[in-house]
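Notes follow once the structure below has been shown.
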Amino acid sequence: MLISLEQEGERVALLALLDGYPDTSRLGDTTQIDQDEDYIALLNRYGDEGMVDTGEYLWEKTRDVIKNNARILKDFAPHIYCGNVLFFRATVTKDRCASSTDLWKPYVLEDIEIHDIDCKHEDMDRPEPIAEIGRILANKLEELQKRAAPIQ
């Protein structure tokens, strides 16, 4: 989306990524996306009590979204971003290789500023991690605004 905005003449002042990674199959990693594993993780996260509120229809649609995301990822060809990236990395993980920000280096021309967040990937939307991310974002946005402000 960022590249599309830039191609349309928009200026993007900040790109922040929350523990997201590009498709590593383009870099020789043959790991496949396990759609059923993603679905099971959602079920485990929200449990039976979530099923009562959402119903089977919503869970079916959720599974469709997971499948569609995998399809989009398979067909996506990323462009190179010419700016800096603010990257929030979940540090509680089983596989440190999967959380390497080096995976972004082929797609980011400038710097990747990393902020480690003490949580699992799936918990980045919880109150404590979001509060920490929010503070860092607020400081970064304030810094960018000061740099962009005209000198009087």
Side-chain angles (χ1 to χ4, degrees), residues 1-6 10-27 29 31-108 110-146:
M1 181 176 286
L2 169 80
I3 301 299
S4 295
L5 286 169
E6 287 185 327
E10 296 294 330
R11 183 178 173 276
V12 178
L14 176 65
L15 172 60
L17 300 173
L18 273 68
D19 204 46
Y21 297 91
D23 178 14
T24 57
S25 66
R26 298 180 204 297
L27 303 174
D29 183 354
T31 306
Q32 295 294 315
I33 297 169
D34 187 342
Q35 297 166 10
D36 287 335
E37 188 176 297
D38 290 343
Y39 184 68
I40 290 167
L42 281 172
L43 288 175
N44 286 336
R45 181 167 184 172
Y46 297 106
D48 291 338
E49 63 275 2
M51 288 292 287
V52 172
D53 292 338
T54 60
E56 187 60 32
Y57 174 79
L58 183 57
W59 283 113
E60 240 177 77
K61 293 302 171 193
T62 301
R63 188 174 216 151
D64 290 345
V65 167
I66 292 169
K67 287 179 185 177
N68 191 49
N69 287 348
R71 182 192 59 76
I72 291 169
L73 182 61
K74 182 179 157 227
D75 296 335
F76 178 69
H79 296 279
I80 294 175
Y81 172 54
C82 296
N84 296 313
V85 171
L86 183 62
F87 190 89
F88 296 95
R89 176 175 56 192
T91 59
V92 179
T93 178
K94 297 177 276 192
D95 183 6
R96 289 305 301 165
C97 293
S99 65
S100 173
T101 54
D102 289 345
L103 296 173
W104 280 114
K105 286 186 180 177
Y107 308 109
V108 177
E110 293 192 22
D111 295 325
I112 301 173
E113 181 181 328
I114 302 166
H115 291 273
D116 287 336
I117 306 298
D118 186 28
C119 68
K120 294 179 186 176
H121 170 81
E122 60 270 16
D123 292 335
M124 290 194 87
D125 65 344
R126 300 290 190 198
E128 285 182 23
I130 283 293
E132 185 176 355
I133 291 166
R135 282 189 296 275
I136 295 166
L137 276 173
N139 289 336
K140 180 56 86 173
L141 289 170
E142 184 178 325
E143 176 187 317
L144 288 170
Q145 188 174 21
K146 284 179 184 176

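In terms of the side chain to side chain donor-acceptor pair (under 3.5 Å) criterion, residue partners of K105 (sequence neighbours excluded) are, by chain and number, D102. With sequence neighbours left out, the ring-ring contact (aromatic ring centres under 6.0 Å, His included) criterion links H115 to F88. Residues satisfying the ring-ring contact (aromatic ring centres under 6.0 Å, His included) test with Y81, not counting sequence neighbours, are none. Residues passing the salt bridge (charged side-chain N to carboxylate O under 4.0 Å, His left out) test with K120: none are found, sequence neighbours excluded. Scanning for side chain to side chain contact (heavy atoms under 4.5 Å, CB included) contacts around V12 gives L2, L5, E6, with sequence neighbours left out. Contacts of D111 classified as side chain to side chain contact (heavy atoms under 4.5 Å, CB included), with partners at least two apart in sequence or in another chain: N84.
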N/O donor to acceptor pairs below 3.5 angstrom from side-chain atoms of residues 132-142, sequence neighbours left out:
residue, atom, partner, partner atom, Å
N139, ND2, R135, O, 3.4
K140, NZ, E113, OE1, 2.8
E142, OE2, K146, NZ, 3.3

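Taking CG of L14 as the start and CD of E143 as the end, the distance is 10.0 Å to the nearest 0.5 Å. Note that CD1 of I130 is 7.5 Å distant from CE of M124, once rounded to the nearest 0.5 Å. Considering CG of L17 and CD1 of I112, their distance stands at 8.5 Å, rounded to 0.5 Å. Note: D19 CG to F87 CZ = 5.5 Å, rounded to the nearest 0.5 Å.
The minimum heavy-atom distance linking L144 with A13 is given by the pair CD1-O, 3.5 Å. Minimum heavy-atom separation, G83 to E110: O-CB, 3.2 Å.
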